[in-house]
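Everything below concerns the one structure shown next.
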Amino acid sequence: MKKIRDIRSEVIAFDGDTITLKLHDEVDIEKARKLAENGRYLTTMNFYDKNMISVEQRKHYFALVGDIHAHTGIPEDSIDSHLKFEFMSHYLLDEFPSVADSAMKRTTATELITFVIEYCIRNGIPFRKQQFYLTADVNRVLYAYTMNRLCWVCGKEGSSIHHAINLVGMGNDRTKHNHLKSKFICLCESGHKIDKNGKDEKEMASHHREAHSMGLVEFCRKYHIYPIKLSERDLKQLGIRGNYEEQSDVQNHNHQNRRQENDLSKSH
């Protein structure tokens with residue numbers, strides 16, 4: 001799309017008071033001519049600060065606001081104000097946050113986007129864009145999706161938790177497996193799309209099946225995800241059975257042994 005504002009560029013060379021730029025956006029020359037002053041094309045220039053909110057983060061934030069608007073019908077301005085107020089209150093900020101250019105640090109923008117994604121998950125608001133989490137805290141987003149049993153790729157409800165690292169193994173008793181040493185992914189199984197008459201229209205894709213056929217490494221690379229660890233509390237909440245009392249006893253015993261060894265070393 002041709003533009004006359006917020007044109008991205010890269011400095012190629014400096015030569016005194018002359019700078020050579022490589023444009024990353026197409027300039028709308030016809031509109032620029034109408035704004036020219038006595039045939040001169042006057043512009044302002046700002047250098048990009050890698051520590052401040054990025055263009056992608058701003059776009060992502062407003063896309064999420066659009067997702068909430070599409071689901072609820074609430075005006076986007078109201079959603080924007082509400083989210084920023086809730087974020088400010090939650091993190092005890094001194095001033096109302098702004099996502100304007102150079103108005104927010106990139107780390108804060110990551111927190112804001114993650115906060116909004118978690119808000120959407122809690123309130124059952126679907127995302128229109130896949131890989132919605134790329135400018136957020138990915139680990140927090142994947143954790144929230146897992147605890148709500150939503151597919152990491154498409155957001156389908158009722159998805160399954162799968163061991164990705166330290167597998168249970170075929171024929172082994174899951175209730176005796178040390179799940180605390182495993183890492184997990186949450187992916188949808190195959191299903192069927194139902195038409196308006198209540199009949200099966202077609203079989204839907206299974207991202208679990210895709211992960212098996214592609215291989216975990218390539219699958220994770222394709223969707224920019226990675227397996228995560230879950231605590232004993234998380235596992236019990238998800239209904240993943242294991243011999244947690246025995247595992248806790250072993251951990252406590254090991255911790256007690258290490259403490260005794262430290263006490264002995266100090267005494268010597």
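The analysis underlying the following values was restricted to heavy atoms, covering all of them including side chains, and did not include hydrogens, waters or symmetry mates.
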Return the set of residues passing side chain to side chain contact (heavy atoms under 4.5 Å, CB included) with H82 (not counting sequence neighbours), or none when no residue passes. E86, Y119

Which donor-acceptor pairs under 3.5 Å do the side chains of residues 31-38 make with protein atoms, sequence neighbours left out?
unit_1, atom_1, unit_2, atom_2, d
R33, NH1, E30, OE2, 2.8

Quick test of your reading of the model: are E118 and R140 salt-bridged, counting only N-O distances below 4.0 Å? yes

Would you say the side-chain atoms of D234 and S231 include a donor-acceptor pair closer than 3.5 Å? yes

Is the shortest side-chain heavy-atom distance between R58 and I53 below 4.5 Å? yes

One thing to verify: whether K156 and E189 come together as a salt bridge, which I'm taking to mean a side-chain N less than 4.0 angstrom from a carboxylate O. no

Taking the side chain as every heavy atom from C-beta outward, state whether M104 and Y61 have any pair of such atoms under 4.5 Å apart. no

Using a strict 4.0 Å threshold on nitrogen-to-oxygen distance, state whether K236 and E232 make a salt bridge. yes

Would a distance-only check, ignoring hydrogens and angles, find a side-chain to backbone donor-acceptor pair under 3.5 Å from S81 to D77? yes

Do you know the tightest heavy-atom contact between A211 and F219? CA-CD1, 3.6 Å

Rounded to the nearest 0.5 Å, what separates atom OH in Y145 from atom CD1 in I228? 13.0 Å

If the condition is side chain to side chain contact (heavy atoms under 4.5 Å, CB included), which residues does I19 pass it with, not counting sequence neighbours? V11, F14, L21, M45

Between H162 and F184, does the ring centre distance come in under 6.0 Å? no

